[in-house]
Number of protein chains: 2
Amino acid sequence: MPDKQEAANKQRQTGKQDNGPLRLDRFIPYRLSVLTSRVTGRLAREYESVAGLQLPEARVLTVLGFFKPISSNAIVQHTSMDKATVSRAVARLIRLGLITRKPDPTDRRLLVLGFTPRGQRTYDRLTSRARAWEAWFLAELKPSERAGLERILARLARRLDGATLG
Amino acid sequence: MPDKQEAANKQRQTGKQDNGPLRLDRFIPYRLSVLTSRVTGRLAREYESVAGLQLPEARVLTVLGFFKPISSNAIVQHTSMDKATVSRAVARLIRLGLITRKPDPTDRRLLVLGFTPRGQRTYDRLTSRARAWEAWFLAELKPSERAGLERILARLARRLDGATLG
DNA sequence: CGATGGTCGTTCCAAGTGAAACGGTTGTCA
DNA sequence: TGACAACCGTTTCACTTGGAACGACCATCG
């Protein structure tokens, strides 16, 4: 405890952070990771209770609802999910009768996905719940803060799309 | 494509989002999730190349460096990592000769963790690299934006610490 | 004391993950 | 055309994960 506090104070005074213990409470990747894992955990419970879906299935359904019609591979691009994970989630959703899959006539490597009527209803319930949860989650943010957050997330996302640079 | 664009425009006009497809490009949990998984992936590659560590081990090392001395369970609290995952990461780090573990004299349920000299050096290299990467990652943000991001992350994290509420 | 309920960390086991290999398809270029 | 590289989606396989059970330990209360 003295170690930590001392280092923290010192760094707060100098404003530098070039050596000494990494200030986790200021390290953005760490904070993003912890926050996101908690957010995802909450949403996963919602998805489970609303529709009995696990996270990969729910994510595929959500992305599909927005981008449909779309191929599995495009879902991978959008979400950074693993190729195999998406493939299995799609298989389960088909087995559950929630989505359809048919070959693209112009490129038979692609299998384009869509909703069944039941899938559409499940999607509606799911997104309604997701929106409600998000509203609760963000309720303490002022509109300007929310806008700021959105802008920053967009900027950071773009940063990672660019050069690999190490 | 027309579906999506139409809905998007309509929602942009009304400012509402109470029904219709969920606007993924505005859904914060989704954006957090995608961004974080990409950030984590990059950092994981850093950790691997610098010290041959996989993500859970690197995270334990990082948290340990900041909070040391600390028990496994406290690491779980801080990171939201799984208990078993931390247990195994600790075991590997010990096997690698990077950290030490001894029972707390006042409560022998607790095993307090610390660095070996080699672990300290590994930690230094690791955090130095992590800091450099973060600096690159955040370079496009103005200081005010970075401060705003930190404040918002703190506020959102606190929101999840409170009541379970669903 | 002794019993009971709670916490810490490990281990077991079923389930999920990701790297790699695969079959199938497309586009290119000679 | 035929050879070849690139790409899509699936499957396989080794590994990791997380829920549950477990042993060890502590605190409380009768």
Side-chain angles (χ1 to χ4, degrees), chain A residues 33-34 36-38 40-45 47-49 52-60 63-64 67 69-96 99-114, chain B residues 33-34 36-38 40-45 47-49 52-60 63-64 67 69-96 99-114:
Chain A
S33 178
V34 171
T36 299
S37 95
R38 290 182 181 170
T40 300
R42 298 292 181 97
L43 274 179
R45 274 188 280 169
Y47 295 149
E48 218 297 321
S49 72
L53 296 179
Q54 34 189 207
L55 202 52
E57 297 159 14
R59 292 190 71 179
V60 164
V63 174
L64 179 54
F67 289 106
I70 190 179
S71 72
S72 290
N73 192 55
I75 293 180
V76 169
Q77 312 292 348
H78 282 296
T79 58
S80 288
M81 292 170 74
D82 185 81
K83 199 180 173 184
T85 302
V86 170
S87 171
R88 284 182 280 249
V90 164
R92 281 184 294 234
L93 288 170
I94 289 175
R95 209 174 313 126
L96 290 171
I99 69 175
T100 61
R101 175 176 53 183
K102 55 184 177 188
D104 183 322
T106 77
D107 183 343
R108 272 178 306 181
R109 287 174 304 181
L110 275 56
L111 299 174
V112 299
L113 307 174
Chain B
S33 178
V34 171
T36 299
S37 95
R38 290 183 180 169
T40 300
R42 297 292 182 97
L43 274 179
R45 274 188 280 169
Y47 296 148
E48 219 296 322
S49 72
L53 297 179
Q54 34 188 209
L55 202 53
E57 297 159 14
R59 292 190 70 179
V60 164
V63 174
L64 179 54
F67 290 106
I70 189 179
S71 71
S72 289
N73 191 55
I75 294 180
V76 168
Q77 313 292 348
H78 282 296
T79 58
S80 289
M81 291 171 73
D82 185 83
K83 200 180 173 185
T85 302
V86 170
S87 172
R88 285 182 280 248
V90 165
R92 281 185 294 233
L93 288 170
I94 289 175
R95 209 174 313 129
L96 290 171
I99 69 175
T100 61
R101 174 177 54 182
K102 55 185 176 187
D104 183 322
T106 76
D107 183 344
R108 272 179 306 181
R109 288 174 305 179
L110 274 56
L111 299 174
V112 299
L113 308 175

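Values in this document were obtained by computation on a predicted structure and should not be read as measured data.
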Check nucleotides 9-17 of chain D against the protein and report each pair of N or O atoms closer than 3.5 Å, with its distance, or say if there are none.
from   : atom 1 : to     : atom 2 : distance (Å)
D:dG9  : OP1    : A:L111 : N      : 3.2
D:dG9  : OP2    : A:N73  : N      : 2.5
D:dG9  : N7     : A:K83  : NZ     : 3.1
D:dG9  : O6     : A:K83  : NZ     : 3.2
D:dT10 : OP1    : A:R101 : NH1    : 2.2
D:dT10 : OP2    : A:S87  : OG     : 2.7
D:dT10 : O5'    : A:S87  : OG     : 3.3
D:dT16 : OP1    : B:Q54  : NE2    : 3.4

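- Expressed to the nearest 0.5 Å, how far CD of B:E57 lies from OH of B:Y47 amounts to 12.5 Å.
- Remark: C1' of C:dC8 and CD1 of B:I70 are 14 Å apart, rounded to the nearest angstrom.
- The shortest distance between side-chain heavy atoms of B:H78 and B:I70 falls below 4.5 Å.
- The nearest whole Å value for the distance from the CZ atom in A:R59 to the P atom in C:dG16 is 16 Å.
- The list of side-chain hydrogen bond (donor to acceptor under 3.5 Å, both in side chains) pairs with a residue in residues 79-91 of chain B, not counting sequence neighbours, reads A:R38-B:S80.
- Residue B:K102 contributes atom NZ, which lies 15 Å from atom P of C:dG9 at whole-angstrom precision.
- Rounding to whole angstrom units, CE of residue A:M81 and P of C:dA19 are separated by 14 Å.
- For the OP1/OP2 pair of C:dT26 and a distance below 4.0 Å, the side-chain nitrogens and oxygens of A:R108 include at least one atom meeting the criterion.
- The closest side-chain heavy-atom distance from A:L113 to A:I75 is below 4.5 Å.
- When rounded to the nearest whole Å, the span between CG of B:L55 and P of D:dG18 equals 11 Å.
- One finds the CG atom of B:L55 at 7.5 Å from the CE atom of B:M81 (value rounded to the nearest 0.5 Å).
- Rounded to an integer number of Å, the gap from CG of A:D107 to P of C:dG24 is 16 Å.
- Looking at heavy atoms from C-beta onward, B:L96 lies in side-chain contact with B:L53 at the 4.5 angstrom threshold.
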